J.: 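This is the structure, below, for whatever I ask next.
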Number of protein chains: 2
Amino acid sequence: MLAVERRRLIAENLRSRGVVSVAEMAGLLNTTEITVRRDLRAMAKEGQLVRAHGGAVLPAPIGHEPSYSEKARQAGAEKASIAQLALALILPGDSILLGPGTTTLALARLLGEIPELTVVTNSLLVAQALMASTRVEVILTGGTLRRSIHALVGPAAEDSVRALRASKAFISGNGFTPERGLSTPSPLVAATDRAFAGAAQQVVVLADHTKIGQDTMCQTVPTARVHTLITDSGADPALLAAIREAGVDVRVAGPGSNERHERLASAS
Amino acid sequence: MLAVERRRLIAENLRSRGVVSVAEMAGLLNTTEITVRRDLRAMAKEGQLVRAHGGAVLPAPIGHEPSYSEKARQAGAEKASIAQLALALILPGDSILLGPGTTTLALARLLGEIPELTVVTNSLLVAQALMASTRVEVILTGGTLRRSIHALVGPAAEDSVRALRASKAFISGNGFTPERGLSTPSPLVAATDRAFAGAAQQVVVLADHTKIGQDTMCQTVPTARVHTLITDSGADPALLAAIREAGVDVRVAGPGSNERHERLASAS
DNA sequence: ACGCCATCGATCAATTTCGATCAATAGCGG
DNA sequence: CCGCTATTGATCGAAATTGATCGATGGCGT
């Protein structure tokens with residue numbers, strides 16, 4: 001067996017399963033662990049994989065900010081079920097706007113298989129999540145990088161959104177009340193979100209239960225402009241009723257609606 | 001058996017299975033390994049296959065082009081020394097444009113400590129690299145995501161660049177010749193690079209020695225528009241002389257030239 | 001926290017493969 | 001018929017790959 005052949009098989013196994021172990025590859029390739037280890041070391045130097053004790057894993061696409069990804073994991077299950085519900089609103093051939101936020105990011109991760117989809121976003125993380133989904137066309141707005149949310153804001157972002165029209169906008173925020181609608185602490189972010197809402201025929205707000213009833217400094221979209229609110233079952237029913245009263249199509253994602261989130265790494 | 005016949009059989013075997021080994025072919029063709037080796041060497045020179053220890057493989061295993069991260073590791077040292085040299089051109093308070101490419105990315109990694117710097121880029125990787133550098137203001141152009149280079153291209157990208165003015169543009173490409181200047185294989189990328197060059201008072205091209213003398217499909221910037229070319233010591237001196245003749249300030253970063261140019265960037 | 005065990009990295013030896021030089025054979029033209 | 005050249009085959013030293021062993025390191029269970 002040629003060396004290149006061996007490495008190609010290792011790369012193949014790695015891509016299909018995400019991880020390979022030294023012993024496993026040694027058995028599969030009819031060679032010793034030493035050789036596999038050397039191959040892995042060489043491939044790691046080329047950036048094809050990342051070495052780990054006992055094997056190797058796929059390289060992280062691009063580095064993630066720990067603080068942000070931590071937050072993303074926090075209420076992962078709830079956000080994922082909200083995203084699942086939002087996914088049903090997206091049809092093949094759609095053009096959608098996707099704002100920044102962990103919930104919209106969860107939605108972005110589900111979009112890979114939708115054909116003919118165009119996604120406009122100002123979130124670098126959304127763009128990154130869609131990097132591997134070659135079927136989806138991704139358009140980023142321009143703008144100034146706002147590090148805390150990994151997104152582009154400012155006049156340039158607003159202008160580039162204003163030049164577009166999309167069928168639906170999926171945006172998030174830090175608070176949602178029946179009276180004031182969606183709100184966020186930063187005026188810059190609010191202005192961008194407002195531009196998103198203005199460029200879409202339908203405005204869909206994704207907000208987990210911790211946001212419902214909260215109000216923060218800047219109103220981004222008034223309740224009257226919101227067509228659909230997707231939240232999870234932890235939200236106060238009275239508030240949801242009031243929001244429905246205002247004409248919003250409120251949808252509640254239950255934690256049990258899509259339960260396939262088994263964690264094996266709970267030991268930390 | 002004729003030589004051409006032999007090589008045709010080798011090519012056939014290679015296409016059908018992806019790999020051939022020297023010993024195997026020698027047995028199959030009723031000839032010696034020496035002859036097979038000679039054939040492989042000749043065919044490799046023609047680009048029909050890629051030589052490997054003990055045999056040969058197909059040149060482009062479809063779908064596995066050198067991934068971006070692979071390329072980034074490839075000539076890391078040379079690119080880093082080019083970036084070091086480019087760093088000297090950047091002053092506090094500058095506004096610069098940074099194109100996509102592994103060399104410009106290397107430069108981006110060095111910019112963290114420059115105060116009052118504004119960086120405009122269409123590369124997600126550059127933005128990512130500057131994510132941690134809170135002193136630097138990062139502006140992304142809008143545009144359509146081009147996955148192969150992790151950058152934003154298209155009319156939207158060009159428009160947003162045209163709305164700006166910067167003191168210097170640092171761009172890269174796939175080839176640079178004295179006659180045609182900087183070139184790249186993709187028309188979309190070329191158009192964006194051209195917009196970058198048009199928006200800057202000074203155009204600085206970063207190109208390692210493998211690019212010098214290469215010419216690819218789309219010219220991005222003619223030699224006359226390039227003020228400075230930074231390359232490494234592996235480049236052909238005759239070509240560099242011709243480029244200098246055309247009025248370009250050519251600077252060569254040697255492996256040892258880091259010491260000469262480390263004014264403010266000694267800690268990195 | 002401690003100790004055990006798997007894993008890792010480095011070095012050495014054995015085998016294979018590579019490249020270069022030299023000899024032999026076949027085809028070709030004069 | 002003779003000489004020339006191109007191709008093929010052979011041999012040898014050099015280089016690369018592979019496998020094994022040993023000390024060191026890190027992870028994991030108790």
Side-chain angles (χ1 to χ4, degrees), chain A residues 1-15 17-60 63 66 69-70 73 262-268, chain B residues 1-15 17-59 61 64 66 69-70 73-77 234:
Chain A
M1 158 128 13
L2 270 56
V4 285
E5 214 176 338
R6 223 176 33 232
R7 293 191 185 175
R8 189 178 298 174
L9 283 172
I10 292 176
E12 207 171 287
N13 265 276
L14 185 61
R15 265 196 294 276
R17 302 210 324 263
V19 296
V20 293
S21 87
V22 173
E24 176 191 25
M25 282 296 104
L28 183 66
L29 301 169
N30 265 330
T31 182
T32 64
E33 302 192 355
I34 315 296
T35 306
V36 173
R37 214 168 283 144
R38 268 195 274 250
D39 282 338
L40 293 184
R41 201 183 314 167
M43 293 167 79
K45 190 177 271 180
E46 289 176 13
Q48 292 184 47
L49 49 81
V50 172
R51 200 72 172 72
H53 216 76
V57 294
L58 280 174
S69 62
E70 258 170 51
R73 299 281 185 280
E262 308 135 37
R263 290 286 167 76
L264 35 142
S266 57
S268 86
Chain B
M1 161 139 356
L2 269 55
V4 286
E5 204 179 345
R6 229 177 26 233
R7 295 191 183 176
R8 202 173 50 76
L9 282 172
I10 292 176
E12 214 170 277
N13 265 275
L14 186 60
R15 263 195 296 278
R17 300 208 327 251
V19 297
V20 293
S21 87
V22 174
E24 178 190 25
M25 282 296 104
L28 183 67
L29 301 169
N30 263 331
T31 182
T32 63
E33 301 193 354
I34 309 296
T35 306
V36 174
R37 256 196 287 276
R38 270 196 273 249
D39 283 337
L40 292 184
R41 202 183 313 168
M43 292 168 80
K45 190 177 273 179
E46 290 175 14
Q48 292 184 50
L49 49 81
V50 172
R51 200 72 171 73
H53 214 79
V57 293
L58 279 176
H64 187 3
S69 54
E70 245 169 83
R73 304 269 190 280
Q74 222 167 30

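Below, read A as the first sequence line, B as the second, and so on, with proteins coming before strands; counting in each chain starts at 1. For clarity, every value in this text was computed on a predicted model and none was experimentally measured.
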J.: Treating primed atoms plus P, OP1 and OP2 as sugar-phosphate and everything else as base, which nucleotides of nucleotides 20-30 of chain D get B, S or - for protein heavy atoms under 4.0 Å?
T.: S----------
J.: Excluding sequence neighbours, so at least two apart, what forms side chain to side chain contact (heavy atoms under 4.5 Å, CB included) with Leu29(A)?
T.: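 Listed in chain order: Arg6(A), Leu9(A), Ile10(A), Met25(A), Thr31(A).
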J.: Compare every heavy atom of Leu2(A) with every heavy atom of Ser21(B), then report the nearest pair and how far apart it is.
T.: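 Minimum heavy-atom separation between Ser21(B) and Leu2(A): CB-CD1, 3.8 Å.
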J.: Is any side-chain N of the basic residue among Arg8(A) and Glu12(A) closer than 4.0 Å to the acidic one's carboxylate O?
T.: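 No, Arg8(A) and Glu12(A) are not salt-bridged.
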J.: How long is the line joining CD of Glu33(B) and P of dT8(D), in whole Å?
T.: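 One finds 16 Å between P of dT8(D) and CD of Glu33(B), rounded.
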J.: Side chain to side chain contact (heavy atoms under 4.5 Å, CB included) with Ala26(A): which residues, sequence neighbours excluded?
T.: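 Per chain and number, Ala26(A) pairs via side chain to side chain contact (heavy atoms under 4.5 Å, CB included) with Glu33(A), Val36(A).
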J.: Expressed as a whole number of angstroms, how long is the span from Asp39(B):CG to dA6(D):C1'?
T.: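 These atoms are roughly 14 Å apart.
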J.: Arg51(A): what forms a salt bridge (Lys or Arg N to Asp or Glu O under 4.0 Å) with it, not counting sequence neighbours?
T.: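 Partners of Arg51(A) by the salt bridge (Lys or Arg N to Asp or Glu O under 4.0 Å) criterion come out as none, since no residue qualifies.
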J.: Nearest whole Å is fine: how far is dC18(C) C1' from Arg37(B) CZ?
T.: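 For the pair Arg37(B) CZ and dC18(C) C1', the rounded distance is 6 Å.
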J.: Which stems, defined as runs of 3 or more consecutive Watson-Crick or G-U wobble pairs with both pairing distances under 3.5 Å, involve DNA chain C?
T.: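 Looking at DNA chain C, the stems formed by three or more consecutive pairs are C:1-30 with D:1-30.
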J.: Looking at Leu49(B), Leu58(B), Leu28(B), Asn13(B), which hits side-chain contact (heavy atoms from CB on, under 4.5 Å) with Val20(B)?
T.: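 Per the side-chain contact (heavy atoms from CB on, under 4.5 Å) rule, the option paired with Val20(B) is Asn13(B), out of Leu49(B), Leu58(B), Leu28(B), Asn13(B).
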J.: Rounded to whole angstroms, how far apart are CD on Glu24(B) and P on dT17(C)?
T.: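 For the pair Glu24(B) CD and dT17(C) P, the rounded distance is 12 Å.
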J.: Which sits closer to the 5' end of DNA chain D, Arg6(A) or Arg7(B), going by the nucleotide each is nearest to?
T.: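 Its nearest nucleotide lies further toward 5', so the answer is Arg7(B).
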J.: Using every non-hydrogen atom in the two residues, find where Val22(B) and Leu40(B) come nearest and quote the distance to one decimal.
T.: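 Reported closest heavy-atom pair: CG2-CD1, 3.8 Å.
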J.: For a quick test of reading the model: is some side-chain N or O of Thr35(B) closer than 4.0 Å to OP1 or OP2 of dT7(D)?
T.: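 Negative; the distance criterion is not met.
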J.: Tell me every residue that passes salt bridge (Lys or Arg N to Asp or Glu O under 4.0 Å) with Arg41(B), counting only those two or more places apart in sequence or in another chain.
T.: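 Scan of Arg41(B) (salt bridge (Lys or Arg N to Asp or Glu O under 4.0 Å), adjacent residues dropped) gives none.
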J.: Figure out the CG/P separation between Leu40(A) and dT18(D), and round it to whole Å.
T.: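 Rounding to the nearest Å, CG of Leu40(A) and P of dT18(D) are 13 Å apart.
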J.: May I ask you to say what Ala52(B) touches in the nucleic acid, namely base, sugar-phosphate or nothing, with a heavy-atom cut-off under 4.0 Å?
T.: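 Sugar-phosphate only.
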J.: How long is the gap from CD on Glu46(B) to CZ on Arg7(B), to the nearest 0.5 Å?
T.: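 Answer rounded to 0.5 Å: 6.5 Å.
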